[in-house]
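Inspection log for the structure reproduced underneath, given as structure tokens.
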Amino acid sequence: MSNTPPRDRSRFQADTRLVHAGRDPSAQHGFVNTPIYRGSTVLFPDYDAIKNRRGRYQYGTSGTPTMDALSDAWSEISGAAGTVLTPSGLSALTIALMAAVSAGDHLLVTDSAYRPTRIFCDGVLKRYGVEVEYYDPLVGASIAALIRDNTKAVLVEAPGSQTFEMQDVPAIAEAVHACGGAVIMDNTWATPLLFPPHERGVDIAVEAGTKYLSGGSDLLIGLVSATERWYPAVKRTFEHFAPCAGPEDIFLGLRGLRTMGLRLREHGERGIAMAEWLQARPEVARVLHPALPSDPGHAIWRRDFKGASGLFGVILNPVSETALAAMLDGLELFGMGFSWGGFESLVIPFDPTIYRTATRWRAEGPALRFHIGLEDLDDLKADLEAGFARMAATG
Ligand SMILES: *Cc1c(COP(=O)(O)O)cnc(C)c1O
């Protein structure tokens, strides 16, 4: 292999593209990786160039080779016309939403959306005159009945945050496109590797790179990819706010990208193994994981997804809060904390009844969300087994 990248990568599989996309060693003196370009000012070569704004790089907010390396790679992997990078997953969602709706527009948001997305819609978009309406995530093609003359966008998320309902994204997209609206998807759970958003009808896809792109719980970054039709609006909105991700963080994102396929397969397999093990436990009423055949969203998952990531939910049989606390407080391997996608296993309690408005969340007992990391599975099971024993002893 020479130091120039394979020119046409369209014939390569995803794993090969992850290694080569957004990288040109011949442009970096042969070094394998694009370095961290830091900078605000970019010097123009002469009067004509600065007067007529000639040249790819003109100012730090409008692009650097480091930014291009990750956004080009992400566009290639997502099948998008373009991608912008932002300093967090939540800021990426705000850019996607602001690109699609204006004052007087109607926006449909799944009731299973990531909670800070709701808080942004209710706190900012409503204040700027957008009508925000929440809908049942299981709506499918019947979304057509909710579409009004001024509906401009529908936000989907599959599986849903915390509750893991699957959404029929292609059916929703068909109905929304028939009325000229945009489908915005929070695709953080699957990443474009497991759910190719733009092939399935999504116009603007958002990824919290904080999760699997990073893989290390050491990074906050967001990515917004869009189709030919919607990328100009996304790019313009990005330029209006200029929420630029930091160069070191982009570099860490590029580093994570190279191993993301490998890590996702491990998280996915381990997640399914732990979900099956938990489903067989007497303390567990239900497991919320679309890859399990018993899950109500399994058929959609099989049709539209290429795999699972390592995040799922569990509903316990009724148990006292003290018993639940006894289980969680003594865990040695599972940490308790927000976010996920890193190498370590995590668990958090959750209660969607406190924020849902379009649907009622019914659960047999307390709910837990697990992220399965890269530890040994028997060690993880032993940690949870000891937790269940403490739970039983507390009563
Ligand atoms: C974590 C997360 C986000 C937000 O990402 P941050 O980088 O933490 O802002 C958005 N959507 C989903 C589904 C997430 O899990």
Using 4.0 Å as the upper bound for N to carboxylate O, is an ion pair formed by [Y] and [X]?
X: E269; Y: R265; result: no
X: E385; Y: R281; result: yes
X: D48; Y: R54; result: yes
X: D68; Y: R56; result: yes

Do [X] and [Y] share a hydrophobic cluster, counting only Ile, Leu, Val, Met, Phe, Trp and Tyr and linking them when any side-chain heavy atoms are less than 4.5 Å apart?
X: I184; Y: V130; result: yes
X: F241; Y: V234; result: yes
X: V183; Y: Y135; result: yes

Could you check whether the rings of [X] and [Y] sit parallel, tilted or perpendicular, using 30° and 60° as the cut-offs?
X: F195; Y: F305; value: tilted
X: H289; Y: W189; value: perpendicular
X: F370; Y: F334; value: perpendicular

### Message
Going by the rule side-chain hydrogen bond (donor to acceptor under 3.5 Å, both in side chains), which residues pair with S345 if we only count those two or more places apart in sequence or in a different chain?
### Response
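Applying side-chain hydrogen bond (donor to acceptor under 3.5 Å, both in side chains) to S345 gives E375.
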### Query
Got a sec, which residues hit side-chain hydrogen bond (donor to acceptor under 3.5 Å, both in side chains) with T359, two or more places apart in sequence or on another chain?
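T359 satisfies side-chain hydrogen bond (donor to acceptor under 3.5 Å, both in side chains) with D111, R356 once adjacent residues are dropped.
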Taking atom [atom1] as the centre, does [X] end up with more than 12 heavy-atom neighbours from other residues, nucleotides or ligands that are less than 6.0 angstrom away?
X: F12; atom1: CZ; result: yes
X: D8; atom1: CG; result: yes
X: E364; atom1: CD; result: yes

Side-chain donor-acceptor contact under 3.5 Å, [X] with [Y]:
X: S225; Y: T83; result: no
X: D203; Y: H177; result: yes
X: Y134; Y: D122; result: yes

Can a donor-acceptor pair be found, under 3.5 Å and without considering hydrogens, that links the side chain of [X] to the backbone of [Y]?
X: R23; Y: A69; value: no
X: R200; Y: P170; value: no
X: Q58; Y: R53; value: yes

### Task
Measure the spacing between CG of D304 and CG of D168 and express it to the nearest 0.5 Å.
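Reported value, rounded in 0.5 Å steps: 6.5 Å.
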### Atom pair CG/CD1 of L252 and I36 - distance to nearest 0.5 Å
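Those atoms lie 7.0 Å apart.
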### Task
Supply the members, apart from V42, of the Ile/Leu/Val/Met/Phe/Trp/Tyr cluster built from side-chain contacts under 4.5 Å; use none for a lone residue.
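Hydrophobic cluster check, V42: joined to Y57.
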